[in-house]
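One structure is given below, encoded as structure tokens.
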Amino acid sequence: MGALQSTDIERKDVIVSRNPATREVLGEVPDQGAAEVKAAVARARAAQKEWGELPVKERCERMRRFRDVLIHRAPELIDLLVRECGKTRTEALSMDVMTTIDLATYFIKRGPKILAPHSISLHLLKTRGSYLHYVPRGVVGIISPWNFPFAIPMGEAMMALITGSAVVNKPSEITPLIALKTKSLWDATGLPPDLFQVVTGRGATGAALIDSGVDFIHFTGSTAVGKKVAAACGERLIPNVVELGGKAPAVVCADADVDRTAKALVWGAFANQGQVCISVERVYAHQSVHDELVEKVVALTQKLRQGDPSTAGDFDTGTMTWDHQVEIVEERIKTAVSQGAQVRTGGKRAGTGLAFSPTVLTECRHDMDVMKKEIFGPVMPIMKVRDEEEAVRLANDSHLGLAAYVFTGDRQKGKRLAERIEAGTVMVNDCLLAYGAPEVPFGGLKQSGIGHTHSDQGLRDLCQTRHVNYDRLAFKREMWWYPYSDKMYKRTLGLMKWLFR
Ligand code: NDP
């Protein structure tokens, strides 16, 4: 690491990782091809055999070793997250590392209970018993994005490993070093190295992973790539979860505590430089609080301290991670302004590297691109609405449905509005946080995805669910067996009428 100069020409067979704040080269990784991916999956499959046969409790105990290494060596991870992503130290700790350690702790503790066989009493067939049991899938492929390059693959990896599968992760080409660092921490635990592997590369490496014979794919990324991934999985009948883009609306009611709402929105829109699938991406503010809200949001935004987070100092916000994403943000703002939006603060790059000033746009209309298309950057567009009905209608007028927020002084009303919003997760009077609760399912509606991660059910979904049906009472013969007869028909008809009378 560090031997390359930033002037090096990008080669096709390697991927160069740079610090987005300084553009300094941090390292390079190979762009691995299909043969290497296949070999990794074959090694993972071999390692999984013994791992999958261990009792869940034993696997959980062993996974605790990995969790403990992560706790002890968290500062190394955080340092690299800051340098490779441009995120602040506090966000690297709280949003990437701590959430993952909490998730691991939850599933290590609860895993044996969640994955215990589950009996189902049959309402009609009283002579038979049924139960479900959960069997490891085999090899789980995880294809992950660059915005939370530790939390996203590792949350899913922890869960899959606890279920007894092996994991092969294809991280984003923008942040491959975090994944390799995580792999080195895994290897330091003494657990079988092949059980958790990382293959580095571009999109083709992800496609090769789907084609390598894996038993399950967990994809997190854009809706455009997610559709390709779901189609590729469909062709091969590989079960999959796709967690895709978002365009989270925030509905601000007339009775909202404007001061608290402004603080929540500023955090919800600008944390991780707005590169969060559940970032506040559009605000619908009731006309009676709109002006006061805008004033407070702008004042708070202007107070945010921005800088290179890898240098000493207290920063609230760092830099964006990927130059292409900065260009998307610039394009969204330019188009919005040409359509009549006003930049109340920000709107431009900030200093060196990929820093972009937190931006507040007002005079937004629902038909603008900035209110419809994912931004994935530090931009908060605000629109004035007549009433809450209009806000809910516009919130639902989207092809995406990942997360949404409602701000109100009336908790019951908040819940009622939340239930009417078409999103996988709706929070009342806060933002973002729900992703960090491992016990609740996280997933999108509409084009924001299919399936869930997290939650007890999410853990079971990472397994094959198998059903066993057995005899509780056995007679010499059962009444539904051969031979059929008119007498049997009439008796069954009578029975049906009596049962469903
Ligand atoms: P992309 O969809 O561009 O990439 C995601 C991953 O897929 C990367 O590892 C990428 O590799 C890989 N990939 C690209 N092409 C293919 C292919 N044909 N087959 C298989 N894999 C492929 O997303 P980003 O990394 O840009 O992440 C940002 C997006 O992720 C945003 O839309 C955001 O909303 C969404 N997201 C969703 C979350 C959720 O939980 N719903 C959470 C976080 C982000 P490479 O990078 O090397 O091209």
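Indexing begins at 1, ligand by ligand and atom by atom, following the structure's order. Here the structure is a predicted model, which means the values were calculated and not measured.
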Open item on the list: Within ligand 1, which atoms have a heavy atom of P171 less than 4.0 Å away?
Closed with: 9 (O)
Task: W146 neighbourhood, listing ligand 1 atoms whose heavy-atom distance to it stays under 4.0 Å - done: 24 (P), 25 (O), 26 (O), 27 (O)
Of [options], which has the heavy atom at the shortest distance from [atom]?
{"atom": "atom 30 (O) of ligand 1", "options": "P149, P153, G221, G226", "answer": "G221"}
{"atom": "atom 13 (N) of ligand 1", "options": "A224, G206, G203", "answer": "G203"}
{"atom": "atom 20 (C) of ligand 1", "options": "A179, A207, C277, P176", "answer": "A207"}

Does any N or O atom in [X] lie less than 3.5 angstrom from one in ligand 1, N or O only?
{"X": "S448", "value": "no"}
{"X": "K170", "value": "yes"}
{"X": "K228", "value": "no"}
{"X": "T223", "value": "no"}

Open item on the list: Pairing donors with acceptors under 3.5 angstrom, does anything connect the side chains of Q457 and R460?
Closed with: yes
TODO: Say whether T335 and E331, considering side chains only, have a donor N or O and an acceptor N or O under 3.5 Å apart.
DONE: yes
Open item on the list: Under 4.0 Å and counting heavy atoms only, is there anything from the protein next to atom 24 (P) of ligand 1?
Closed with: yes
Out of curiosity, is [X] lining ligand 1, as in a heavy atom under 4.0 Å away?
{"X": "A204", "value": "no"}
{"X": "F219", "value": "yes"}
{"X": "G449", "value": "no"}
{"X": "F442", "value": "yes"}
{"X": "S144", "value": "yes"}
{"X": "I174", "value": "no"}

- [ ] Decide if the gap between the ring center of W267 and the ring center of Y405 is smaller than 6.0 angstrom.
- [x] no
TODO: Given side chain to side chain contact (heavy atoms under 4.5 Å, CB included), test Y284 with R393 step by step and report yes or no.
DONE: CA-CA 10 Å; Y284 300 106; R393 183 173 56 78; over 6 Å; no
- [ ] Mark yes or no for whether T359, through its side chain, and G346, through its backbone, hold a donor-acceptor pair below 3.5 Å.
- [x] no
TODO: Return yes when atom NZ of K228 has more than 12 non-hydrogen atoms of other residues, nucleotides or ligands closer than 6.0 Å, and no otherwise.
DONE: no
Task: Any V379 side-chain heavy atom under 4.5 Å of R332 side chain - done: no
